[in-house]
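Every number for a ligand or one of its atoms is a count from 1 in the order of the listing. All of these numbers come straight from a predicted model, not from anything done at the bench.
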Amino acid sequence: MDLTNKIAIVAGSGNPEGIGFATAKTYVEHGATVMMIDISAEVHELAESLGDKARAFTGDVSRFRDMELIIEKIIADYGRIDIVVNNAAVNIPGDSVETPMERWELHYNVNVKSQFIMSKLVIPQMRKQGYGSIVNMASANSFVAEKQLYAYVGTKGAVRQQTMADALDNAPYGIRINCIGPGLVNTGFNDEHHDKVDGGIDEVMKHINDIHPTGKPVTAQEVANMALFLASDLSTGCIGGYYAVDGGFAIK
Ligand SMILES: NC(=O)c1ccc[n+]([C@@H]2O[C@H](COP(=O)([O-])OP(=O)(O)OC[C@H]3O[C@@H](n4cnc5c(N)ncnc54)[C@H](O)[C@@H]3O)[C@@H](O)[C@H]2O)c1
């Protein structure tokens, strides 16, 4: 799969163990120039580790003005945007009664509104090009619920539906929009939930067979491989799809 000459954005790529960083690294390895965005300043160090094909921006994906400044800069410097991965998210456990209003709003701002903001900013450029691929990070939780995950599960359902609606409107312009549904990936992202519900990540790993029939977690690289396929021209028939990379989590 060749991404030579492609300009890619990976939002939420500031965790060295995370799916976003694995995706940015994979894109660079396949020839793309990658713009890495994260709220964490660690994204600068991570971009440096990938060499001169990666560049970092700090910003909050849920703030329109932050993203507008970054996207304007990218278009001014490179003249195009071919690939966007919307990977940033938050995941704070709680049921509907105990979840404070601000925390619920934070989930919808970071996990859902961010993708709307990105579409508003990048799709006009992609329409001019007649070309683009957007990959939204959904979750097995787009289909199945888990205890004490009220806000997160709701947002991931919305990501999948939003992906389909955006894909339908933009397919005639040569823009493909799809989403990926990872299962359990041990990135630290779920630790607070596991601590609250399952007695911690080590306990979860002892019973991983109950979650994934493969008997092991999914790796960030396995998710990045799907993000590579969906970004590449091998997936031109994929429009508005949900692609599970969940070790069989959602078929049980
Ligand atoms: N880890 C899993 O088991 C799992 C399972 C299903 C889906 N996912 C999804 O995969 C994606 C990546 O998760 P991950 O496990 O790699 O965790 P991660 O912590 O590496 O990813 C989230 C990244 O988003 C960044 N971020 C958070 N809020 C932000 C904001 N407001 N603005 C900019 N950046 C922000 C974080 O700093 C972090 O780098 C998420 O969308 C998550 O919902 C993860």
Side-chain angles (χ1 to χ4, degrees), residues 9-26 35-47 56-67 69-71 84-93 102-103 105-118 135-146 149 151-160 162-163 179-194 197-198 201 204-205 208 211-212 216-224 226-227 242-247 249-250:
I9 296 172
V10 184
S13 46
N15 169 11
E17 307 301 324
I19 292 166
F21 179 59
T23 301
K25 185 166 179 287
T26 302
M35 308 294 127
M36 297 168 60
I37 303 174
D38 207 281
I39 203 165
S40 159
E42 198 175 354
V43 72
H44 291 279
E45 215 177 291
L46 292 177
F57 298 86
T58 34
D60 181 340
V61 293
S62 69
R63 291 170 63 104
F64 185 85
R65 188 63 186 144
D66 279 18
M67 290 305 111
L69 290 171
I70 293 171
I71 301 305
V84 173
V85 181
N86 288 308
N87 178 71
V90 293
N91 172 17
I92 308 168
E102 320 76 67
R103 193 173 290 173
E105 285 168 357
L106 176 72
H107 279 82
Y108 280 83
N109 286 337
V110 179
N111 302 6
V112 181
K113 192 174 91 180
S114 63
Q115 302 188 352
F116 167 55
I117 290 173
M118 198 59 96
V135 180
N136 293 326
M137 208 51 72
S139 167
N141 293 129
S142 300
F143 285 95
V144 296
E146 281 178 80
L149 219 49
Y152 181 78
V153 168
T155 61
K156 289 296 168 175
V159 166
R160 180 173 161 263
Q162 197 164 251
T163 298
C179 65
I180 301 176
L184 174 58
V185 190
N186 197 358
T187 62
F189 183 74
N190 304 308
D191 285 2
E192 202 177 330
H193 181 243
H194 293 318
V197 175
D198 314 298
I201 183 71
V204 173
M205 287 304 156
I208 187 76
I211 306 172
H212 293 175
K216 53 188 181 188
V218 170
T219 66
Q221 186 61 54
E222 286 171 319
V223 182
M226 179 60 83
Y242 167 94
Y243 298 92
V245 186
D246 69 357
F249 180 97

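Considering both main-chain and side-chain atoms, Asp38 comes within under 3.5 Å of ligand 1 through a nitrogen or oxygen pair. Geometrically, ligand 1 and Ser13 share no nitrogen or oxygen pair separated by less than 3.5 Å. Between Gly20 and ligand 1, not a single N/O pair is under 3.5 Å apart. In terms of polar-atom proximity, Lys156 is counted as a contact of ligand 1, with an N or O under 3.5 Å from an N or O of the ligand. The shortest N/O to N/O separation between Val61 and ligand 1 falls below 3.5 Å. At least one N or O atom of Ile19 sits closer than 3.5 Å to an N or O atom of ligand 1. The distance criterion of under 3.5 Å between nitrogen or oxygen atoms is met by Asp60 with respect to ligand 1. At least one N or O atom of Val185 sits closer than 3.5 Å to an N or O atom of ligand 1.
The two residues Pro93 and Leu149 have their closest heavy-atom pair at CA-CD1, 4.4 Å. Nearest heavy-atom pair, Met36 versus Val43, reported as atom, atom and distance to 0.1 Å: CB-CG2, 3.7 Å. Heavy-atom minimum distance, His212 versus Leu184: NE2-N, 3.0 Å. Val90 and Tyr152 make their closest contact through O-CD1, 3.3 Å (heavy atoms, listed as atom of the first residue, atom of the second, distance). Residues Ser40 and Asp38 share a closest heavy-atom pair of N-OD1, 2.9 Å. When every heavy atom of Gln162 is checked against every heavy atom of Phe116, the shortest pair comes out as NE2-N, 4.2 Å.
Within ligand 1, counting atoms from 1 as listed, the ones closer than 4.0 Å to a heavy atom of Asn87 are 10 (O), 11 (C), 12 (C), 40 (C), 41 (O). Close approach to Gly12 involves these atoms of ligand 1, each under 4.0 Å from a residue heavy atom: 23 (C), 24 (O). For ligand 1, the atoms sitting less than 4.0 Å from at least one non-hydrogen atom of Gly14 are 39 (O), numbered in the order shown with element in parentheses. With ligand atoms numbered from 1 in the order given, ligand 1 contributes 16 (O), 20 (O) to contacts under 4.0 Å with heavy atoms of Gly18. Each of the atoms 24 (O), 26 (N), 34 (N), 35 (C) of ligand 1 lies under 4.0 Å from some heavy atom of Ala88. Of all atoms in ligand 1, numbered sequentially from 1 with element shown, those under 4.0 Å from a heavy atom of Ala138 are 7 (C), 9 (C).
Protein heavy atom closest to atom 8 (N) of ligand 1, with residue, atom name and distance, is Tyr152 OH, 3.7 Å. For atom 28 (N) of ligand 1, the closest non-hydrogen atom on the protein side is Val110 CG1, 3.7 Å. From the protein, the heavy atom lying nearest to atom 27 (C) of ligand 1 is Ala89 O, 3.6 Å. The nearest heavy-atom contact from the protein to atom 2 (C) of ligand 1 is Asn190 ND2, 3.3 Å. Looking from atom 9 (C) of ligand 1 to the surrounding protein, the closest heavy atom is Met137 CG, 3.7 Å.
Considering only heavy atoms from C-beta on, Val135 stays 4.5 Å or farther from Met226 through its side chain. Taking the side chain as every heavy atom from C-beta outward, Leu106 and Ile92 approach each other to under 4.5 Å. A heavy-atom distance below 4.5 Å is found between the side chains of Val144 and Phe249.
For Phe21, the heavy-atom gap to ligand 1 stays at 4.0 angstrom or more. Judged by the shortest distance from any of its heavy atoms, Gly59 lies inside the 4.0 Å radius around the atoms of ligand 1. Not close to ligand 1: Glu17, with no non-hydrogen atom less than 4.0 angstrom away. Residue contacts with ligand 1 include Gly183, since one or more of its heavy atoms lies under 4.0 Å from the ligand.
Evaluation of the side chain to side chain donor-acceptor pair (under 3.5 Å) rule for Ser62 yields Asp60 as partners, not counting sequence neighbours.
The environment of CD in Glu45 is sparse: at most 12 heavy-atom neighbours from other residues, nucleotides or ligands sit within 6.0 Å.
Judged by distance alone, with hydrogens and angles left aside, the side-chain atoms of Lys113 form no donor-acceptor pair with the main-chain N or O of Arg63 at under 3.5 Å. The backbone N or O of Asn141 sits nowhere less than 3.5 Å from a side-chain atom of Glu146 that would complete a donor-acceptor pair. Not a single donor-acceptor pair under 3.5 Å links the side chain of His107 to the backbone N or O of Val153.
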Listing, residues 11-22 side-chain donor-acceptor contacts under 3.5 Å, not counting sequence neighbours, or none:
residue, atom, partner, partner atom, Å
Ser13, OG, Val10, O, 2.9
Asn15, OD1, Glu17, N, 2.9
Asn15, ND2, Thr187, O, 3.3

message = Is there a side chain to side chain contact (heavy atoms under 4.5 Å, CB included) between Asn91 and Asn190? Walk through the geometry before answering.
response = CA-CA 7 Å; Asn91 172 17; Asn190 304 308; 3.0 Å; yes
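Nearest residue to atom 20 (O) of ligand 1 from Asn136, Asn15, Asp246 is Asn15 (criterion: closest heavy atom).
Residue-level proximity to ligand 1 for Asn109 is absent, since no heavy atom of it falls below 4.0 angstrom. Heavy atoms of Ile39 found under 4.0 angstrom from ligand 1 belong to the backbone as well as the side chain. Here Thr187 has side-chain heavy atoms under 4.0 Å from ligand 1, and that is the only part of it that gets that close.
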